[in-house]
Amino acid sequence: MLNKLKGKIVKSIRSRKLNVFGLFFLLAFLFLIITKLSKVYSESLALNIEYVNLPEEHSLISNNDTINVVVKAYGFNLLRYYLFDHSLKIDFKRDVSLQSDSYLWDAKVNKGSLEKEFKNSLEIVSVKPSVLTFPFQSMAVKKVPIKPNINLSFAAGYDVVGSIKYEPDSVRIIGPSQLISNIEFVKTKNIKLNEVNNDIDKEIELDFKAKTKNVHITNTTVNMIAKVGKFTEGTLEIPISVINLPVNTNINFFPKTVTVVYYVNLSDYNSIKALDFKVECDYSEIGNTNSPFLFPKLIKMPEAVKNARIKQNKVEYILIQ
């Protein structure tokens with residue numbers, strides 16, 4: 001029993017010695033790291049280049065991916081540049097100059113932007129290369145309409161109030177003239193909406209696949225917007241007028257009115273009046289056919305009416321001597 005207890009005590013002492021050694025080793029290591037990071041170093045940092053506000057009408061022929069910046073700073077300040085990737089933003093509206101068929105970025109001119117990137121924690125010694133050249137080719141810009149590819153069906157008694165709108169209703173295609181000259185429109189992807197009985201506000205992707213990376217469009221989606229309401233059918237008796245009668249010609253016709261069937265949003269039903277419609281028969285259409293009939297046409301209807309039709313398609317007439 002005593003031997004067992006003695007063994008445990010010896011083992012505990014040895015273990016404590018090992019822990020103390022490990023602690024001193026860790027402290028020595030940390031002191032070494034702090035000492036190293038407290039010194040000033042000159043280092044070359046590779047920054048990834050991020051392009052901002054590239055002009056749509058120009059396409060870069062070749063890109064510069066990185067730029068090397070030689071800096072001088074304390075190790076503490078350099079540490080985060082080794083642990084994380086950093087980039088330099090080049091704004092083509094602000095940081096470059098146009099030289100013939102190339103854009104130029106000058107490190108001396110943009111020293112302020114570089115210092116801002118490093119937040120004054122590093123001293124910039126040199127930049128390699130000190131001037132970046134971005135050759136480009138000119139691109140054409142063409143505005144084309146959106147062509148919907150939508151299969152839309154409504155629940156019984158429902159329909160679109162007004163018209164379906166697409167926002168935007170057109171897009172700009174950017175690319176070499178010879179590649180975009182034959183593009184007259186851009187289709188939406190095929191969408192099916194069934195039994196619709198509520199307003200529509202849906203984002204739809206455009207079906208555009210460029211044959212080359214040098215052709216792109218300004219939008220990849222559009223919003224389909226439509227007001228949907230409950231519709232009903234109405235009928236009205238509309239008087240007929242005859243036009244283009246020859247001089248000194250009198251005519252009698254029957255019936256004097258026709259029934260117009262119209263389809264309208266339920267909320268507008270009570271506002272529809274007979275005076276909002278106009279039906280005409282054009283006598284000149286008969287010509288020399290000696291036809292005993294005139295053919296009524298609906299030439300005016302209210303904007304609120306979705307569609308309308310005349311039930312009778314013929315009107316009898318006689319000439320009065």
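Just so you know, these numbers come straight off a predicted model, no measurement behind them. Because only heavy atoms are used, hydrogens play no part in the values below, and waters and symmetry mates are left out as well, while side chains stay in.
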**OP:** I would like to know whether F136 and L54 meet side-chain contact (heavy atoms from CB on, under 4.5 Å); could you show each step before the answer?
**Re:** CA-CA 11 Å; F136 65 83; L54 282 168; over 6 Å; no
With a 4.5 Å cut-off on side-chain heavy atoms, are [Y] and [X] touching?
X    : Y    : value
I164 : M224 : yes
V279 : I299 : no
L294 : Y283 : yes
T232 : V264 : yes

Whether [X] side chain and [Y] backbone form a donor-acceptor pair below 3.5 Å:
X    : Y    : answer
Q312 : T259 : yes
K142 : S181 : yes
D268 : N265 : no
N110 : D95  : yes

For [X] and [Y], work out which heavy atoms get closest and say how close.
X    : Y    : result
T235 : Y262 : N-CE2, 3.6 Å
P176 : V215 : CD-CG2, 4.0 Å
I272 : L236 : CG2-CD1, 4.1 Å
F277 : A308 : CE2-CB, 4.4 Å
N313 : P296 : O-CD, 3.6 Å
K297 : I310 : C-CD1, 3.7 Å

**OP:** Would you confirm whether the ring centroid of Y317 sits within less than 6.0 angstrom of the ring centroid of F254?
**Re:**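 Distance test on ring centres: not under 6.0 Å, no.
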Which residues pass the side-chain hydrogen bond (donor to acceptor under 3.5 Å, both in side chains) test with [X], sequence neighbours left out?
X    : answer
S284 : D282
Y103 : H58
K227 : none

Original post:
Would V228 and F154 satisfy side-chain contact (heavy atoms from CB on, under 4.5 Å), going step by step from the backbone distance to the final call?
Top reply: CA-CA 9 Å; V228 176; F154 294 91; 4.0 Å; yes
To the nearest 0.5 Å, what is the distance between [atom1] on [X] and [atom2] on [Y]?
X    : Y    : atom1 : atom2 : result
L193 : I200 : CG    : CD1   : 6.0 Å
I150 : K147 : CD1   : NZ    : 12.5 Å
K189 : T220 : NZ    : OG1   : 9.5 Å
T218 : I174 : OG1   : CD1   : 6.0 Å
F231 : L266 : CZ    : CG    : 9.5 Å
I286 : N244 : CD1   : CG    : 11.0 Å

State whether the number of non-hydrogen atoms from other residues, nucleotides or ligands found under 6.0 Å of [X] atom [atom1] is greater than 12.
X    : atom1 : answer
K89  : NZ    : no
K256 : NZ    : yes
L275 : CG    : no

**OP:** Please step through side-chain contact (heavy atoms from CB on, under 4.5 Å) for the pair I146 and L206, ending with a clear verdict.
**Re:** CA-CA 9 Å; I146 299 297; L206 296 179; 3.8 Å; yes
Subject >> F185 six-ring centre to K187 NZ/CZ under 6.0 Å and within 45° of normal >> reply: no
Original post:
Going through the checks in order, is the ring pair (Phe, Tyr, Trp, His ring centres under 6.0 Å) test met by Y51 and F134?
Top reply: CA-CA 11 Å; Y51 301 97; F134 304 98; 5.6 Å; yes
**OP:** Among residues two or more places apart or on two chains, list those pairs meeting side chain to side chain donor-acceptor pair (under 3.5 Å) that have a residue in residues 300-309.
**Re:**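 Found none.
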Original post:
What pairs meet the side chain to side chain donor-acceptor pair (under 3.5 Å) rule with one or both residues in residues 126-136, with sequence neighbours excluded?
Top reply: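 Listed once each, the pairs would be none.
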**OP:** Decide yes or no on side-chain contact (heavy atoms from CB on, under 4.5 Å) for T66 and I49, but give the supporting numbers first.
**Re:** CA-CA 5 Å; T66 59; I49 296 177; 5.6 Å; no
Original post:
Between E316 and K314, is there a salt bridge with N-O shorter than 4.0 Å?
Top reply: no
Subject >> Which residues share a side-chain contact (heavy atoms from CB on, under 4.5 Å) with V109, sequence neighbours left out >> reply: D106
Original post:
Quick one: do the E205 and T188 side chains pair a donor with an acceptor below 3.5 Å?
Top reply: no
